[in-house]
Asks: 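I'd like to ask you about the structure that follows.
Per chain, numbering begins at 1; letters A, B, ... match sequence-line order. Worth knowing before you read on, the calculation uses all heavy atoms, side chains too, and leaves out hydrogens, waters and symmetry mates.
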Amino acid sequence: MFLINCPFCGEREQSEFKAGGEAHIVRPKQPTELSDDEWAEYLFMRKNIKGVQFERWNHVHGCRKWFNMVRDTSNDQIKAVYKMGEKPPVK
Amino acid sequence: MKNKYSIFSLIKNAFSYHENWEKAWKDPEPKKEYDAVIVGGGGHGLATAYYLAKKHNMKNIAVVEKGWIGGGNTGRNTTIIRSNYLWDASAGLYDHALKIWEGLSQELNYNVMFSQRGVMNLAHNLQDVRDLKRRTHANRLNGIDAVYLNTEEVKKFCPIINTSQDIRYPVLGGTLQRRAGTARHDAVAWGYARGADEMGVDIIQNCEVKGIKRNGDTVEGIETTKGFIKTKKIGVVAAGHSSVIANMAGLKLPLESKPLQALVSEPVKPIIDTVVMSNAVHAYVSQSDKGELVIGAGTDDYVSYSQKGSHDIVEGTLNAILELYPIFSRIRMLRQWGGIVDICPDASPIISKTSIKGLYFNCGWGTGGFKATPGSGDLFAHTIANDEPHKLNAAFNINRFVSGDLVDEHGAAAVAH
């Protein structure tokens, strides 16, 4: 359990948010031309990093907006939050 | 040959104040080379080593464990064993395990305290009722014992359940698998470790894998904190850390690792003699032989390796427990903990070869791996020894995420595991 600094609402409890999984997985531009392997990669395969990971979160019990987060999954420490479409503020 | 555990050895050792029991397993340093190395010394890994040695005559093998054996999810689960899964592939897999459980204490000469006290799954809304009835029929077609109970029968089987129809999620019925139950989780790891050790398997603790050495598409060995170990076959059974090991080999798995919590109460006199699970309100409870209520909560929805979960998950579970069992309202909780579970998109495991020759994965058990321990070890050993899956785990290959032939147990299993 931790606090999340929503880029729109400020600091709130994590229980107000929904995790949306790994961020920056680009939706295929030409879905009809994808092979089964490429579909599997896009739909199912995840880095599932132990350490610093880029994620999407949604403030479901607040502003209901999506945003991105950089978080260390080994100790749940949040490194940064940033809006959708913005460049990650750390590496 | 190890001394057999029996009433006589117990009496004999009582005369020496139980100070002269032989060690259940050695604590060796790793050799330079093995025929196979199992990564992960939990129940599944130790069972894999046991069956590799016993059924496939592979005795020059090792189990490497970064901590101590059975110290991960094997020691953190709520010990529930059942096989009432909906789909044929899952039914085959989990009932294979249940059948081994039924004779496991005798086979290992180690009391795993397997107790077939029954597992009841409750229905709280009309869709639950339909789903559970459907699953009951599917189970019986697969030769798995299952009965559907109405509200009165649920109350009769477990009298402390609040079956009032005025509560937020009233009990409308449930299913019962009488062959299901619980076992002592530590004993499973220790029993398999003792059995494997007796056949010559090296169980190496405090030995963390740091890298996987490949020559093109073939494995050559593993780098560990105790040095390089050469081997042609690596079986990874690392539960929540499966993706970490996969990344070392340059593989990606369809897994997300999340915290799953459980908690136990102070010990009380016998009050509940079965296991009751409830999917809709996500609460399940049983009582250990020590008298503690063993309560399972849900997973958090974010990836984490921290072995801690969120407080609101526990609070939600306890709200449901109290509504279903008002008698527990003044009981105090003793301990709460988290384990990291690796969840597949279809909530079914992966027991499979990979695109790298000699590298095998047994992972993705998510929140429900304990029940499958003996079957998982048996089938994974078969897969490693023959370089081909057994017919019971053929459906659980990693390519199902490419072909689309998923074994979707997310909504279909009796509970979120």
Asks: Would you give the length of the straight line joining atom NZ of B:K252 to atom NZ of A:K47, rounded to the nearest 0.5 angstrom?
Replies: 6.0 Å
Asks: Side chain from CB out, backbone as N, CA, C, O: work out which of these in A:E41 comes under 4.5 Å of a heavy atom of chain B, or both, or neither.
Replies: side chain
Asks: If you count the non-hydrogen atoms of other residues, nucleotides and ligands that lie under 6.0 Å from NZ in B:K357, is the total more than 12?
Replies: no
Asks: Supply the atom-to-atom distance A:R71 CZ to B:S304 OG, rounded to the nearest 0.5 angstrom.
Replies: 5.5 Å
Asks: Looking at B:V244, B:N247, B:D346, B:L255, which has the largest count of heavy-atom pairs under 4.5 Å with chain A?
Replies: B:L255
Asks: For the side chain of B:D301 and the backbone of A:K18, is there at least one donor-acceptor N/O pair under 3.5 Å apart?
Replies: no
Asks: Identify which part of B:L251 has an atom lying under 4.5 Å from any heavy atom of chain A, answering side chain, backbone, both or neither.
Replies: neither
Asks: Shorter than 4.5 Å, heavy atoms on both sides: which option in A:D36, A:D72, A:L43 has the most such pairs with chain B?
Replies: A:D36
Asks: With a 4.5 angstrom heavy-atom cut-off, is it the side chain or the backbone of A:Q53 that approaches chain B, or both, or neither?
Replies: side chain
Asks: Find the distance between CE (A:M45) and OG (B:S243) and round it off to the nearest 0.5 Å.
Replies: 10.5 Å
Asks: Check the side chains of A:N75 and B:S306 for a donor-acceptor pair under 3.5 angstrom, ignoring hydrogens and angles.
Replies: no
Asks: Tell me which of these, A:F17, A:W57, A:W39, has more heavy-atom pairs under 4.5 Å with chain B than the rest.
Replies: A:W57
Asks: Can you pull out every side chain to side chain donor-acceptor pair (under 3.5 Å) where at least one residue sits in residues 307-322 of chain B? Sequence neighbours excluded, please.
Replies: A:Q14-B:S310, B:R76-B:Q307, B:D300-B:S310, B:Y302-B:S310
Asks: Within the supplied structure, the quantity of interest is the number of heavy atoms (other residues, nucleotides, ligands) at a distance under 6.0 Å from B:K226 NZ; does it exceed 12?
Replies: yes
Asks: Passes side-chain contact (heavy atoms from CB on, under 4.5 Å), B:V303 versus A:N48? Steps please.
Replies: CA-CA 7 Å; B:V303 170; A:N48 197 23; 3.5 Å; yes
Asks: Output the distance between atom CZ (B:R400) and atom CZ (A:F44), rounded to the nearest 0.5 Å.
Replies: 9.5 Å
